[in-house]
Amino acid sequence: MSMGDCKSMRPEMEGEDDLIAAARNIARALGSKKNLTDGEREILANLGAQLSTMISLSEKKGEKIGDIEDRLNSIQERVMSWEADQSMIWDSGPNESMEYVKAVEEARKFVERLEGLRLNKDDQEYEVLQKAHDVLQTAMARLEEEFKYMLVQNRQPFEPEHMSFRSSEEDIVDGSSIISFGDDSFEDSLQRDSVSRASEEVVIDLVHPDVVPELRGIANLMFNSKYNQECIQAYTSIRRDALDECLYILEVQKLSIEDVLKMEWGCLNSKIRRWVWVMKIFVRVYLPSERWLSDQIFGELGPVYLDCFVEASKPSMLQLINFGEAMTIGPHQPEKLFRILDMYEVLADLLPDIDGLYVDEAGSSVRIECHEVLMRLGDSVKATFSEFKNAIASNASTNPVAGGGIHPLTRYVMNYLRTLTDYGETLNVLLDDYDEGDSISLSPDTSPTTEEENKSTDTSGRISPMLRHYRSLVSTLECNLDDKSKLYKDASLQHIFLMNNLHYMAQKVKGDELRVLFGDGWIRKCNGKFQQHAMNYQRASWSSILSLLKEEGIQNPGSNSISKTLLKERLRSFYLAFEEIYKSQTTWLIPDLQLREDVQISTSLNVVQAYRTFVGRHSNDISDKLIKYSADDLQNYLLDLFEGSSKSLQNSSRR
């Protein structure tokens, strides 16, 4: 060997010595290590894989390139034979699919080995590598097609038979604004949907379980062949379509915000109720099942399964959430409050499930959007509640309610408040820091007593937000009713109107959950107020008439003897006044039977007793011809008052 040859070999020998020295250092370091860090473990794994490839390639050095090419031609022939076949490989039986996968796996290994040689274009093996790439690309395209076909053909029908949705058409809240009251039919229409906690998480098979191992095998092969993006796109596109079909089965339409804002309330109300129902099924049944399917197919490949789940389900989830957002836009009409509360409660209930499904960075956009929509729904509840109070305060009437009966506003407000008590826990949270822009003032008559305050306070000793706002609403209603009473020209009818409406309010509070909130003290005060109006009615209607039955002014001038002429005039005036009251007040209305009876009895005690005493005292001075009605007649006639139908004593058959 020449000196020059020795010099040329020295760098190679030095490089070999360095590699051996480095390997010995690694071996010593490993010998002293008990535990490896994640970084160390990854480096050693890569080093092992590289060493394995180098050994494999070294072993193949003796293998002729012609032999590799012959084997590759055989693989290509098998792959291309299926390209000319219209049938699907996995439909042809397990042997065919197994042989195909085996051939593709062999092509993948050829590519991996040849790429490890770091070939140049001039190398003989480079052409074989390009051919292997072409074969593998063709096979990957076919596997993608098979993958999608299997996902579609083996989809399990999603039929939530265990969850029924009753049509809500007959339960729709009155569609007219609170500003306009056409009739009383809405009294029973303000009924809350049953928005109980949704069913616990349920997982179902969305794809037939028999093909899941095959799908997982195809996914692993495509990922190992570096066709992971193609596999992910194929999967997410098919599963997005499946999710769209699920929403179609659940009768959820794709609606833009503009579509929602233009929709009639009756139709929108029904769609909100369906949305509440669908959200429970979608989040607690369909999405967990969708994520489980993704985990079954891609779970061996790491966190990519979560990316696949998010990408597949995100459009459908956002479609549902966008409907919730649309409900927070536009006018805050009071009749929408119940449905918005339903939406708020179901989304708040499902939020932990959503957070658990859409974890990490991959699902952050869905999580954030859901939290933001929940916040906007809460703001919408507060704004709508405030608008409700404003609507009560500004509700104006040009014509009084016939007969002084219960105003539609009173019915609406009290039934509205009664229904809202079902949402007490939610309202206490949302209204806790919400004072409608100014302090809520209560009149002394509506302020709670100390005893009631104790019953309606939280653990910190504060009066519950719901109680404060309810009392403010009722106080606003009373002020409005006072204004409406002035539409009646007859002072007596003003008192009948206020008595009727205050009595209705007291009965509504007394009869259900409102009693717990308002307390017995408020009921006593309200009872006292309507009883005062009943007494004021007696004075305004009957004082002047009863004065005709007094002794003053019927004596002859200068003596104590009774003037028969004056006595006759007194009786005639009394009868005329009584007949006039009878004619007008039979058209008045006291809807509550017990209250009507109480007022009739009270009136009868005063009028009949005074009449009987007056006639009895002057029986010797009054001829039978002057007695137009007996005391019993008057008592019977008084029972006709406040029935809301016009009557006249001239047409009466009673005598």
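When a residue number appears, it is its place in the shown sequence, counting from 1. What you see below is based on every heavy atom in this structure, not just the backbone, and it leaves out hydrogens, waters and symmetry mates.
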message: M466 vs T421, test: side chain to side chain contact (heavy atoms under 4.5 Å, CB included). Steps then yes/no.
response: CA-CA 9 Å; M466 194 171 173; T421 57; 4.2 Å; yes
Is the shortest side-chain N to carboxylate O distance from [X] to [Y] below 4.0 Å?
| X | Y | result |
| --- | --- | --- |
| K647 | E643 | yes |
| E369 | R376 | yes |
| E513 | R418 | no |
| D353 | K280 | no |
| E569 | R572 | yes |
| R273 | D342 | no |

Are [X] and [Y] packed together at the side-chain level, in the sense that at least one heavy-atom pair is separated by less than 4.5 angstrom?
| X | Y | answer |
| --- | --- | --- |
| I601 | L638 | no |
| T613 | Q609 | yes |
| L255 | K271 | yes |
| K628 | L571 | no |
| T587 | S645 | no |
| V260 | L268 | yes |
| H371 | D355 | yes |
| W588 | F497 | no |

Give a yes-or-no answer on whether the side chains of [X] and [Y] include a donor-acceptor pair shorter than 3.5 Å.
| X | Y | value |
| --- | --- | --- |
| Q333 | T384 | no |
| S492 | S541 | yes |
| D490 | Q494 | no |
| T410 | N501 | yes |
| Y504 | D592 | no |
| K336 | N269 | no |
| N536 | Q532 | yes |
| S485 | D482 | no |

Would you say the side-chain atoms of [X] pair up with the backbone N or O of [Y], donor to acceptor, closer than 3.5 Å?
| X | Y | answer |
| --- | --- | --- |
| D640 | Y582 | no |
| R570 | L548 | yes |
| S584 | E580 | yes |
| S380 | L377 | no |
| S602 | D598 | no |
| S386 | A383 | no |
| D349 | E345 | no |
| Q585 | F642 | no |
| T476 | S472 | yes |
| S256 | D259 | yes |

To the nearest 0.5 Å, what is the distance between [atom1] ([X]) and [atom2] ([Y])?
| X | Y | atom1 | atom2 | value |
| --- | --- | --- | --- | --- |
| R524 | K529 | CZ | NZ | 13.5 Å |
| S464 | L431 | OG | CG | 9.5 Å |
| E597 | L639 | CD | CG | 8.5 Å |
| T398 | L487 | OG1 | CG | 8.0 Å |
| N606 | S543 | CG | OG | 9.0 Å |
| I496 | R596 | CD1 | CZ | 11.5 Å |

field: Stepwise side chain to side chain contact (heavy atoms under 4.5 Å, CB included) check, N480 with L409
entry: CA-CA 9 Å; N480 188 292; L409 178 66; 3.6 Å; yes
query: Hey, do the aromatic rings of H533 and Y537 have their centres closer than 6.0 Å?
result: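 No, too far apart.
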- prompt: How far apart are the C-alpha atoms of F574 and Y611, what are their side-chain angles, what is the distance that settles it, and do they pass the ring-ring contact (aromatic ring centres under 6.0 Å, His included) test?
  reply: CA-CA 9 Å; F574 173 80; Y611 179 74; 5.4 Å; yes
Please name the pair of heavy atoms, one in [X] and one in [Y], separated by the smallest distance, quoted to 0.1 Å.
| X | Y | value |
| --- | --- | --- |
| M505 | L481 | SD-CD1, 4.1 Å |
| F282 | S316 | CZ-CB, 3.8 Å |
| F338 | Y423 | O-OH, 3.5 Å |
| L595 | M499 | CD2-CE, 3.9 Å |
| M343 | G324 | CE-CA, 3.5 Å |
| N500 | G404 | ND2-O, 2.7 Å |

task: Please report the C-alpha distance between K382 and D432 in whole Å, then the side-chain angles of each, then the deciding distance to 0.1 Å, and finally whether the salt bridge (charged side-chain N to carboxylate O under 4.0 Å, His left out) criterion is met.
output: CA-CA 10 Å; K382 291 183 278 191; D432 187 29; over 6 Å; no
message: Please determine whether side chain to side chain contact (heavy atoms under 4.5 Å, CB included) holds for the pair V509 and Y470, giving the CA-CA distance in whole Å, both sets of side-chain angles, and the decisive distance to 0.1 Å.
response: CA-CA 11 Å; V509 171; Y470 265 40; over 6 Å; no
- request: For side chain to side chain contact (heavy atoms under 4.5 Å, CB included), just list the numbers for K484 and V401, CA-CA rounded to whole Å, side-chain angles, deciding distance to a tenth of an Å, and then say yes or no.
  value: CA-CA 9 Å; K484 293 184 188 304; V401 173; over 6 Å; no
query: Taking the six-membered ring for Trp, are Y637 and F578 parallel (under 30°), tilted (30 to 60°) or perpendicular (over 60°)?
result: tilted
